[in-house]
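Note that the structure is a prediction, hence the values are computed from the model and not measured. Every chain is numbered from 1, with letters handed out A, B, ... down the list of sequences.
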Amino acid sequence: MTVQSHFRIRGLNSHSAIARSLLTTTAIPWNTHLRELAKQCLFSEALNLYRRMLRSGQSPNAFTFPFVLKSCASLSLSTAGKLLHGHVIKIGCEPEPFVQTSLISMYCKCCLVDNARKVFDENPQSRNLTVCYNALISGYTLNSKFLDGIVLFSKMRETGVAVNSVTMLGLIPRCAEPVYLALGMCFHGFCVKSGLDIDFSIGNCLLTMYVKCGSVQYARSLFDAMPEKGLITWNAMISGYAQNGFATEVLDLYREMKLCGIYLDPVTLVGVLSSCTHLGAHGVGREVEQQVQLCGFDSNPFLKNSLINMYARCGNLVKAREIFDSVLEKSIVSWTGVIGGYGVHGHGEIAVQLFEEMIKTGIRPDKTAFVSIISACSHSGMTDKGLEYFSAMKSKYGLQPGPEHYSCVVDLLGRAGRLKEAKDLINSMQVNPDGAVWGALLNACKIHKNVELAELAFERIIELEPTNIGYYVLLSNIYSDAENLEGVLKVRVMLRERQLKKEPGCSYVELKGKVHMFLAGDKTHSQTADIYGMLDELENSVKQLGGPNGEDHKRRKGEEQLIGEGVHSEKLAIAFGLVNTSPGTEIVVIKNLRACGDCHLFIKLVSKIVDRKFVVRDATRFHHFKDGVCSCRDYW
DNA sequence: ATAGGGTTAG
């Protein structure tokens, strides 16, 4: 076959630069090797090979450049990229559309969008090519120039250049935050109208966009409507649920996925583990660990960190530590996982020790690491140590504290009774405090029974989070403790005026790998009769005991005065646990809201008369109950 | 032999 006929078959112009450059057919073996390296993502090797090629006197041709430019792009080597652009011009293959597209893409990935634009503008024949538009659009959107990307998209449509699915794939992922949801939905509409929505990747992309915008229900309906679901589709839905806190849905979907016979990959299991962490589903977590080994993903660093985190949050610190120790290259995430685990379960000293060790190994703590260490100090009453870290964070590590740090420090000071300092700290904040910051103060006011400051904190809170029912309940409890009935009524009126309803309390217990959920007053569980029977029995025995200070566990607290409701969900969960476990075991209950005072006392008393350990995780902390004692020292 | 995109932890 002659060179000419070859080009006719490929549909290329035989007078083009390719035709000329292809006459140097000796470049072919080099190019083939380069392609292999680029395919395996061995980019620096590819660039080395290119250097060797030049040194050996072989001049590159048009087919050489896409591979080397891609390597530069992947490594973000802008200087080398510009140099290559020079070579392209010298060889004279700049007019070739695919060389141009590679150039545009390279410049975009090196954050030189203006250079990319210049290549685009200076070559009139390529300006009508979909691929060039696509490269530039995704370049704009990746460089936070979303608006320019949209403008280019409109221009594409005006000038009649064909839009394909890759165009949309450059635009849709950038709509993955709530402010752009409306725009994303327009793109979705466009895809449907132009028939692009049947594209597999577009579906995945839209799905991800919806979950990142928090529209989980919408994402689910899209998921259900997708005729063909691939691994990425399942993963996107699973991690979408996980990121939005829909933990039980994750486990259901994971089961369904396995039933459908879909192969799992590490991404799937990371999502599932994240939900186990949220749910405290220790047993399911262990199952996932077996799955990890079964699939041979043992060495995946993401998964190792997820496992550390899951075990640490579920209270299995031994196992968390074991995996942590087995990680050879411990990242900041691995460290933060164990530190947070020890902290949240009340072993502040160990958390501090580990934190210091981490710094010694040369890892610089980041913002999240400081959140875990400061809150670890707060859980263990190490007030001054916590303050020390807070100040080191700013002065020694130059990290600007965010509201999440301030809420930890306010909690730290507040629990120690240093309410005035806590309040002054909030007033001195550089960033705007969020609800959690004032909430920590409100919580401290409850512990130290300070109604006046509580009212002030509450005023700020409802400006920031007017619909967060938890704070109304907290204030009502403070009034109730102070026997201020007028205050309790005031809160009740506020709730009615704002038409707020209390978020239903719910608790989970995990048993034999299945998660059982109870709502307040729930009678839907298949063992309802046994559960309520057990509860009656417990209440009777507990009544005879009285509290440690002669308290009656049935005193009415503000929460129940505020909203009359059925049996609290954590009581149901505890009773369920007792029905289904044998003596000596540990029952772990997870509650979505804060544990109520009544239940806390009740569980404390129950732990005195039955041979079980109880762990209750509520919205703010862990409570470990055994033999009539709870690990939390400041509550009730 | 050639370019453009979607899922991962604290």
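For the pair Ser105(A) and dA3(B), the criterion of a side-chain N or O lying under 4.0 Å from OP1 or OP2 is not met. The side chain of Gln243(A) places an N or O atom within less than 4.0 Å of a non-bridging phosphate oxygen (OP1 or OP2) of dT8(B).
The residue Ser138(A) sits close only to the backbone: its heavy atoms come under 4.0 Å of sugar-phosphate atoms, none of a base. In this structure, Phe65(A) reaches neither bases nor backbone, as no heavy-atom distance under 4.0 Å exists between it and the strands shown.
Within 6.0 Å of CD on Glu228(A) lie no more than 12 heavy atoms contributed by other residues, nucleotides or ligands.
When the side chain to side chain contact (heavy atoms under 4.5 Å, CB included) test is applied to Cys191(A), the partners found at least two apart in sequence or on another chain are Met168(A), Ile172(A), Leu196(A), Asp197(A), Ile202(A).
The closest side-chain donor-acceptor pair between Ser299(A) and Lys304(A), if any, does not fall under 3.5 angstrom.
Across residues 149-177 of chain A, Asn164(A), Val166(A), Leu169(A), Pro173(A) each have a non-hydrogen atom less than 4.0 Å from an atom of DNA chain B (numbered order). Within a heavy-atom distance below 4.0 Å of DNA chain B, the residues of residues 315-337 of chain A found are Ile332(A), Val333(A), Thr336(A).
With dA1(B), dT8(B), dG6(B) as the candidates, the nucleotide lying closest to the side chain of Phe302(A) is dT8(B).
Ring orientation note: the planes of Phe370(A) and Tyr397(A) are tilted relative to one another, at an angle of 30° to 60°.
The residues Arg321(A) and Asp325(A) are annotated as salt-bridged, a charged nitrogen and a carboxylate oxygen being separated by less than 4.0 angstrom.
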